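From a predicted model like this one, the values you see are computed outputs, not experimental measurements. One-based numbering along the sequence shown.
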Amino acid sequence: MPKSRPASPRWALLLSFVVLFGCFIIPAVTVEHANFKKCHQSGFCKRNRAYADEVSAQGYSWNSPYELDAASIRFKDGQLQGTVVKTVSANEKVKLPLTISFLESGAARVTVDEEKRLKGDIELRHGSKVRKERYNEVEKWVLVGGLELSKSATLNPETESGLTKVLYGPENKFQAIIRHAPFDVQFQRDGQTHVQFNNKGYLNVEHWRPKVDHPEGDGEKEKEETWWEETFGGNTDSKPRGPESVGLDISFPGYSHVFGIPEHADSMSLKETRGGSGNHEEPYRMYNADVFEYETNSPMTLYGSIPFMQAHRKDSTVGVFWLNSAETWVDIVKTKSYPNPLALGVGAKTTTQTHWFSESGRLDVFVFFGPSPQEISKAYGELTGYSQLPQQFSLGYHQCRWNYVTDEDVREVDRKFDKYKIPYDVIWLDIEYTDGKKYFTWDPLTFPDPRGMQEQLDESERKLVIIIDPHIKVESGYPVVEELKSNGYATKSKDDNIYEGWCWPGSSHWVDCLNPEAAKWWAGLFPYDKFKDTLHNTFIWNDMNEPSVFNGPETTMPKDNVHHDNWEHRDIHNINGIALVNATYNGLLERKKGEIRRPFVLTRSYYAGAQRMSATWTGDNQASWEYLAISLPMVLNNGISGFPFIGADVGGFFGDPSKELLTRWYQAGIWYPFFRGHAHIDTRRREPYLIGDPYTAIIAQAIRLRYQLLPAWYTAFHEASVNGTPVVRPQFYVHPADESGFDIDDQLYLGSTGLLAKPVVSEGATSVDIYIADDEKYFDYFDYTIYQGAGKRHTVPAPLEKIPLLMQGGHIIPRKDRPRRSSGLMKWDPYTLVVALDKNGKADGTIYIDDGETFDYESGAYIHRRFSFQDSTLSSEDVGTKGPKTAKFLKSMEGVRIEKVVIVDPPKEWQEKSSVTVIENGAKAASTSPLEYFAQERGKAPFAILKDPNVGIGNTWSIEF
Ligand code: NOJ
């Protein structure tokens, strides 16, 4: 991602036009397509697509070469083992060991390996010393549980020749039907097939073979063109193991929507990829890369990959997780079938067929059966881990730019936020704070007093995040590079030398965090006594960890580079980023003996599992409305894919946003789980106080709304950390039976609060249309205007100063209403509860609170309460189990009370009431609290305010109205 690039003649021409006509046009910049492979430029992608085309063309006459050898099948303890035989020719058969594991969780896992490679019975080319097996360690980095084999799974006694049937899942209501020849698997729930493997016959395991030198002009030579070597952008990949891709079709009969497989700048409901109107021509690609000036509405790869897909239809969600860390592509095609051919279109059923292929590694796929989106989140989280419960501060606002240029600059920005009364929690330093791009150092001229700077931030409980990238400057005398080299902790090139490439510092080496020793060493660079002049309020940003290599193929590392244990980079590419983050996370856990705190690490590159240790963002977007709009589906999609702690650079990274765009972006950004303003070094300064009123005031209001709702955000993050539910949720997730809402990805719900936001993402808008699925009342958050009517869009006014936000009736929302400079300073502030009643006069909600920074919550140091309102009584009851540290925590929170309760849409009779009865911890409060009722004009719900009920946030109480 170079800072800037020379102007091409085309640009020069355009520029002169702009100057000539004196108009102010900002031309949209877009990705250099030639730098990234299209499918036809990636050998295995082209081969797998061609294979699929050939299979489809042959139709019924196609004979899949894959057959499960019936004699090899063994079923024991919830696992089926056998050998799939691939017939290459009459004389050549390839053995592919198969396992199908039925897990206690109800998920199933299918793996296919290759016997010859597994046994090391192959020859490597070019005298290479890399591993001969298909990569089989990705699970070490990704899976953390959920692998217990089912005790009840059993072979179905009703046998049929040529089929093996296994009953599994809850009450054995799931069934896997395994056909032997050709080999395919159908996964059924309640007698209905929901997921099919190899139904289309695209299963393709490229087996090992020796290279044959074909004569020139021989068709074979051309066919094998990309088998043994591949050149792209002047870089040749040597492929010591020859072709070895794995491909499989996975169909979802009856499902017309598939979501997931981030990261792509695209709609949440994935599009078809085989061309046609509105469809993509290219498959969705997952090959983590630094895509300079990425484009929107595109299946191109981006910085992170989570090969987890969900298919959704009315009342059923199913999922598949493709556990492979090599380059992966996914084609999607939807077909319609008509149960009654005479009534075309009536009862048409859409089936989504997906086709997955990875360049190397094993075939390893999990199938989840839901049937609710929540159950899918839970099962996937059980396997790959739930997202980390973050430090409370990290849910506040983050102020970043490339770069704050001196420590005095940082102090000044800090003071200005206070002057303008804009809360923020974290200020960030990009690469320029270092001494010549040498990480773990400070530039002595521009940052002469980093301690003083951090101390100033600490005075208002604010934090600093500084960037540490994985490329290490080649410079003699720089201790980090010296240690990296002398210990052998760097990634190697194919010829066994330390790999050298180009990044911010110029010539660089890359730490190989796949090496446990290297990872330990890296973690050891973060303690306070090692990373000099960093204090307890400093945290870390890992950028460029795809890894980004400016002079590498597709701006990354050559695939034939070699990592620890002689695995090729090709095999591990997509987990390279999380290996670094894992080491950084460990480094931040205990920076001083005995001081164990939750780390905060932001990563650009990610894979499944990253949610356990980091936050991420959508990378280098642009200051345009289009990028503001696409940020919503991107954030939502990551959330349902198990990694909810994400946001987009508020304001856009490249370019200068107009004042309106910046303002709207803040109003949208407050709904990103990770809320950070960031900008490229060449952009104008745009801290919110600089833009001037009314914009500054409006932005400040938006940020204050984020802070007001922090208790709800923290509760949503807690839910994510125990259930895997997204922090912000798309429409289908909350209303899984409402078909009209399935592809809505521009409005979102905050956790389980019933808060429904629809950010403005277009210029000049004065209203938005919010889709409402059910017939509950939805109340405007600010003035309680009522919107009601299921299955349609409702126009909600949205002049610049207004954030379109509704509350679904039936929820109790916890808030903190006192404006402060940072979230840390709000710690002891009292709470407000907003009770938005439903049609039946009921509501409920939850709150989760802990110290926001340590792991003491694991020993019970937390408050988790359920609030409910029914029969005119609001009550608070305890949720969940506790531990040894509960009592002490509760004591520390004793003084934290509820200062206000707002009831939205109370019954009219309340007009007559002026007080309520409060019972706390079994005893009636000495005095009653005053209640005020506010009738409102037509269209708006009445509300009542109860001031100072003075009940403790951690206590059991009830308030009778
Ligand atoms: C690329 C990152 O995406 C961007 O956010 C950062 O500012 C630059 N690297 C410089 O570190």
Side-chain angles (χ1 to χ4, degrees), residues 44 47-48 64-77 79-101 109-143 147 149 178 180-181 183 198 203-212 224 227-228 237-248 322-326 357-365 494 496 514 559-573 575:
F44 80 96
R47 296 196 298 273
N48 277 279
S64 168
Y66 297 89
E67 189 171 318
L68 174 59
D69 172 9
S72 71
I73 302 172
R74 305 271 174 278
F75 183 83
K76 198 171 163 254
D77 301 335
Q79 193 178 56
L80 180 145
Q81 294 187 335
T83 304
V84 173
V85 177
K86 174 182 182 185
T87 303
V88 181
S89 66
N91 311 326
E92 193 186 354
K93 292 193 189 291
V94 176
K95 287 189 178 168
L96 307 171
L98 164 83
T99 66
I100 307 184
S101 310
R109 177 188 196 179
V110 178
T111 70
V112 176
D113 209 321
E114 182 181 349
E115 192 176 88
K116 248 178 184 297
R117 294 191 200 253
L118 198 57
K119 289 186 171 160
D121 188 14
I122 68 167
E123 284 153 37
L124 300 171
R125 303 176 63 241
H126 319 297
S128 170
K129 302 231 165 32
V130 298
R131 293 282 286 262
K132 294 180 170 175
E133 304 98 300
R134 288 177 173 272
Y135 183 56
N136 53 19
E137 293 188 357
V138 56
E139 65 178 84
K140 272 196 354 200
W141 294 94
V142 177
L143 305 186
L147 291 178
L149 290 170
I178 303 144
H180 303 168
F183 169 65
N198 203 31
L203 174 64
N204 184 26
V205 182
E206 292 190 319
H207 60 280
W208 184 80
R209 65 211 90 188
K211 181 171 180 337
V212 177
E224 296 183 10
W227 288 17
W228 311 106
D237 173 12
S238 63
K239 300 202 187 183
R241 297 176 305 205
E244 57 171 319
S245 75
V246 287
L248 176 70
W322 178 272
L323 181 55
N324 186 304
S325 48
F357 31 95
S358 294
E359 186 182 13
S360 66
R362 304 190 308 169
L363 193 148
D364 190 351
V365 198
K494 64 172 187 294
D496 210 28
L514 276 98
K559 285 177 169 166
D560 49 10
N561 265 9
V562 182
H563 289 267
H564 174 66
D565 245 357
N566 288 332
W567 292 111
E568 270 199 293
H569 183 70
R570 158 186 354 270
D571 299 320
I572 64 88
H573 177 82
I575 52 167

Student check: side-chain heavy atoms of Pro243 and Trp228 closer than 4.5 Å: yes

Main-chain N/O of Leu363 paired with Asn324 side-chain donor or acceptor, under 3.5 Å: no

Ignoring hydrogens and angles, write down the donor-acceptor pairs under 3.5 Å from the side chains of residues 563-570, residues two or more places apart or on other chains.
residue: His563; atom: ND1; partner: Asp512; partner atom: OD1; Å: 2.9
residue: His563; atom: NE2; partner: His569; partner atom: ND1; Å: 2.8
residue: Trp567; atom: NE1; partner: Glu137; partner atom: OE1; Å: 3.4
residue: Glu568; atom: OE1; partner: Arg241; partner atom: NH2; Å: 3.3
residue: Glu568; atom: OE1; partner: Arg570; partner atom: NE; Å: 3.0
residue: Glu568; atom: OE2; partner: Arg570; partner atom: NH2; Å: 3.0
residue: His569; atom: NE2; partner: His573; partner atom: ND1; Å: 2.8
residue: Arg570; atom: NH1; partner: Asp237; partner atom: OD2; Å: 2.8
residue: Arg570; atom: NH1; partner: Glu359; partner atom: OE2; Å: 3.1
residue: Arg570; atom: NH2; partner: Asp237; partner atom: OD1; Å: 3.0

Side chains of Asp496 and Val562 in contact at under 4.5 Å (non-hydrogen atoms): no

Gly247 versus Asn48, closest heavy-atom pair with distance: CA-OD1, 3.9 Å

Under 3.5 Å: donor-acceptor pair, side chain of Asp560, backbone of Ser238: yes

Step-by-step side chain to side chain contact (heavy atoms under 4.5 Å, CB included) determination, Leu514 to Ile572: CA-CA 9 Å; Leu514 276 98; Ile572 64 88; 3.7 Å; yes

Side-chain heavy-atom pair Glu139, Arg362 within 4.5 angstrom cut-off: yes

Residues Arg209 and Glu92 bridged, charged N to O under 4.0 Å: no

N/O donor-acceptor pair under 3.5 Å between Lys86 side chain and Val94 backbone: no

Considering all heavy atoms, the nearest His126-Pro240 contact: CD2-CA, 4.3 Å

Heavy-atom check, side chain of Asp571 versus side chain of Val138, under 4.5 Å: no

Heavy-atom side-chain contact between Leu323 and Leu143 under 4.5 Å: yes

Gap separating the CD atom of Glu115 from the OG1 atom of Thr83, nearest 0.5 angstrom: 6.5 Å

Arg131 CZ to Leu124 CG distance, which is reported to the nearest 0.5 Å: 11.5 Å

Asp364 and Asn136, any side-chain heavy atoms less than 4.5 Å apart: no

Identified side chain to side chain donor-acceptor pair (under 3.5 Å) partner of Glu114 from the options Arg134, Lys119, His207: Arg134

Residues Thr99 and Gln81: side-chain donor-acceptor under 3.5 angstrom: no

Closest non-hydrogen atom pair between Tyr135 and Ser325, with its separation: CE2-OG, 3.5 Å

Short side-chain donor-acceptor distance under 3.5 Å, Glu206 and Ser245: yes

Test item: Ser101 side-chain N/O and Gln79 main-chain N/O as donor-acceptor pair under 3.5 Å: no

Closest approach of Ser358 to Trp322 (non-hydrogen atoms, all atoms of both residues): OG-NE1, 2.7 Å

Nearest atoms (heavy-atom pairs only) where Leu98 meets Val84: CB-CG2, 4.0 Å

Considering all heavy atoms, the nearest Leu203-Tyr66 contact: O-CE1, 3.0 Å

Separation between CH2 of Trp227 and CZ of Arg47, rounded to the nearest 0.5 Å: 7.5 Å

Spatial distance of atom NE2 (His180) from atom OG (Ser72) [nearest 0.5 Å]: 8.5 Å

Pairs touching residues 121-130 that satisfy salt bridge (charged side-chain N to carboxylate O under 4.0 Å, His left out), sequence neighbours left out: Lys116-Asp121

Point-to-point distance, once rounded to the nearest 0.5 Å, from CD1 of Ile178 to CD1 of Ile100: 3.5 Å

Rounded distance [0.5 Å steps], CG in Leu118 versus CD in Glu133: 7.0 Å

